[in-house]
Amino acid sequence: MTSQSTDIVFIDSTTSRECHLFEFTSKLRTIMKVNQDLPHDSVNLTVRSVKSCTCSNHDNGDSDRTTNAPRKYSVLDEKALREDDTKLVRDQRVQTMSRSYEIILESIGEDPTRQGLLKTPKRAAEALVFFTKGYEQSIREIVSDAIFDEDCENMVVVKEIDMYSLCEHHMVPFFGKVSVGYLPNKRVLGLSKIARIVEVFSRRLQVQERLTRQIAEAIAEAIKPRGVAVIVECLHMCMIMRGAQKVNSRTTTSAMLGVFREDPKSREEFLSLGRINPF
């Protein structure tokens with residue numbers, strides 16, 4: 001910052017732009033003199049406007065300096081929300097949720113003290129912790145010891161992996177099958193780890209569209225294959241038990257990365273090999 005007379009000059013080292021602002025105290029005196037006959041609230045409003053302008057210009061300079069090198073999103077570096085939970089923390093979570101389930105039971109008109117419901121709040125809390133156990137593991141932890149150098153160029157397909165998840169909009173289940181395929185690029189991933197990736201992402205509050213993309217991105221980032229393809233087909237209880245109540249409806253989503261997006265023949269081969277049978 002360089003000072004000259006009563007002016008303040010902010011120099012943005014990133015853009016080499018100079019933004020000249022009158023010294024705030026000097027500007028404030030001018031405003032007070034011009035607006036001395038105005039009501040007190042009007043003066044305050046004008047002062048706030050000057051402050052806002054000053055802060056806005058200063059913040060814009062800081063923003064320009066910090067947005068030059070945005071950090072690339074990494075599925076492997078994403079930390080699980082409950083990864084560091086101890087047994088004590090887990091027990092506290094269950095206890096808190098149990099109290100909440102008691103309130104829910106009362107709210108729907110039930111009596112939490114009757115025999116059949118005495119242990120229901122705790123059972124429901126423990127079940128929810130299990131249903132969301134995907135928050136306890138990170139993808140890097142799963143794949144780090146299962147990446148192998150292998151001179152293989154043929155398509156690898158693991159099909160009809162069972163998956164169960166909770167819809168994040170209604171917190172009711174959706175479940176189905178997942179087929180995953182990839183074209184290796186000198187590295188392969190342990191087959192069981194593909195199923196584990198599906199398990200981690202599905203055991204979180206989800207929407208099927210995001211789940212499909214996350215599975216594909218995790219495999220792509222882990223082994224850098226020439227292409228990854230994922231198909232997910234599910235039944236959604238939020239659509240079957242409530243709302244539209246369409247019992248036979250299924251939802252199918254797919255994600256195609258690399259060769260599978262660019263090459264129709266590779267895509268067709270995967271769609272043929274990874275086809276999910278009725279369930």
Side-chain angles (χ1 to χ4, degrees), residues 70-108 110 112-113 116-148 158 161-178 180 189-223 228 230 232 234-238 253 255:
R71 186 177 181 276
K72 186 178 179 182
Y73 169 75
S74 171
V75 176
L76 298 186
D77 290 338
E78 186 180 83
K79 187 174 177 62
L81 298 179
R82 304 200 311 249
E83 187 176 354
D84 298 326
D85 276 12
T86 61
K87 185 180 184 304
L88 176 61
V89 173
R90 183 187 182 281
D91 291 343
Q92 289 173 341
R93 290 185 189 276
V94 171
Q95 188 177 6
T96 300
M97 285 191 286
S98 297
R99 290 196 296 268
S100 298
Y101 274 116
E102 287 182 9
I103 295 172
I104 291 173
L105 288 173
E106 291 174 349
S107 298
I108 65 174
E110 264 292 358
T113 63
L117 296 177
L118 283 175
K119 295 183 179 181
T120 297
K122 185 178 180 182
R123 290 191 188 109
E126 290 175 338
L128 187 58
V129 169
F130 179 81
F131 295 155
T132 59
K133 65 180 182 177
Y135 290 123
E136 297 171 4
Q137 284 185 299
S138 66
I139 297 300
R140 184 177 295 279
E141 177 187 349
I142 289 173
V143 305
S144 59
D145 63 343
I147 298 174
F148 308 101
V158 181
I161 303 167
D162 292 320
M163 61 131 292
Y164 302 89
S165 190
L166 290 177
C167 162
E168 69 178 32
H169 299 145
H170 305 98
M171 288 186 68
V172 294
F174 69 95
F175 57 91
K177 305 278 187 179
V178 180
V180 178
L189 183 63
L191 297 178
S192 66
K193 301 304 181 181
I194 295 176
R196 293 286 292 153
I197 289 172
V198 172
E199 179 77 357
V200 167
F201 283 126
S202 63
R203 293 292 190 173
R204 300 177 180 182
L205 299 184
Q206 278 287 9
V207 294
Q208 184 174 330
E209 297 87 343
R210 181 172 68 239
L211 170 64
T212 308
R213 187 192 74 245
Q214 285 177 327
I215 295 169
E217 289 178 348
I219 295 172
E221 189 172 342
I223 58 174
V228 183
V230 178
V232 181
C234 290
L235 295 168
H236 289 252
M237 301 312 289
C238 59
T253 51

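In this chain, numbering begins with 1 at the start of the sequence shown.
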Where is the tightest heavy-atom contact between [X] and [Y], given as atom of each residue plus distance?
X: A218; Y: F201; result: CB-CE1, 3.8 Å
X: V143; Y: A222; result: CG2-CB, 4.2 Å
X: V94; Y: A125; result: O-CB, 3.6 Å
X: R204; Y: S165; result: O-OG, 3.2 Å

Can you give the donor-acceptor pairs under 3.5 Å from side chains of residues 167-174 to other protein atoms, not counting sequence neighbours?
{"residue": "E168", "atom": "OE1", "partner": "R210", "partner atom": "NH2", "Å": "2.5"}
{"residue": "H170", "atom": "NE2", "partner": "R242", "partner atom": "NH1", "Å": "3.3"}

Closer than 3.5 angstrom, by distance alone: can the side chain of [X] be matched with the main-chain N or O of [Y] as a donor-acceptor pair?
X: E83; Y: S138; result: no
X: E102; Y: P121; result: no
X: R82; Y: T132; result: yes

Are any non-hydrogen side-chain atoms of [X] and [Y] less than 4.5 angstrom apart?
X: L205; Y: Y135; answer: yes
X: I139; Y: Q214; answer: no
X: D145; Y: K193; answer: yes
X: V158; Y: V198; answer: no
X: E136; Y: D85; answer: no
X: S202; Y: L211; answer: yes
X: E217; Y: R213; answer: yes

Got a sec: does the [atom1] of [X] have more than 12 other heavy atoms crowding it under 6.0 Å?
X: E106; atom1: CD; result: yes
X: F131; atom1: CZ; result: no
X: K122; atom1: NZ; result: no

Gap separating the [atom1] atom of [X] from the [atom2] atom of [Y], nearest 0.5 angstrom:
X: L166; Y: M237; atom1: CG; atom2: CE; answer: 12.0 Å
X: L128; Y: M97; atom1: CG; atom2: CE; answer: 5.0 Å
X: E126; Y: F130; atom1: CD; atom2: CZ; answer: 12.0 Å
X: I197; Y: I215; atom1: CD1; atom2: CD1; answer: 8.5 Å
X: S98; Y: K119; atom1: OG; atom2: NZ; answer: 12.5 Å
X: K177; Y: M163; atom1: NZ; atom2: CE; answer: 11.0 Å

Original post:
So, T253 versus Q208: side-chain donor-acceptor pair below 3.5 Å or not?
Top reply: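 Per modelled atom types, T253 and Q208 side chains form a pair under 3.5 Å.
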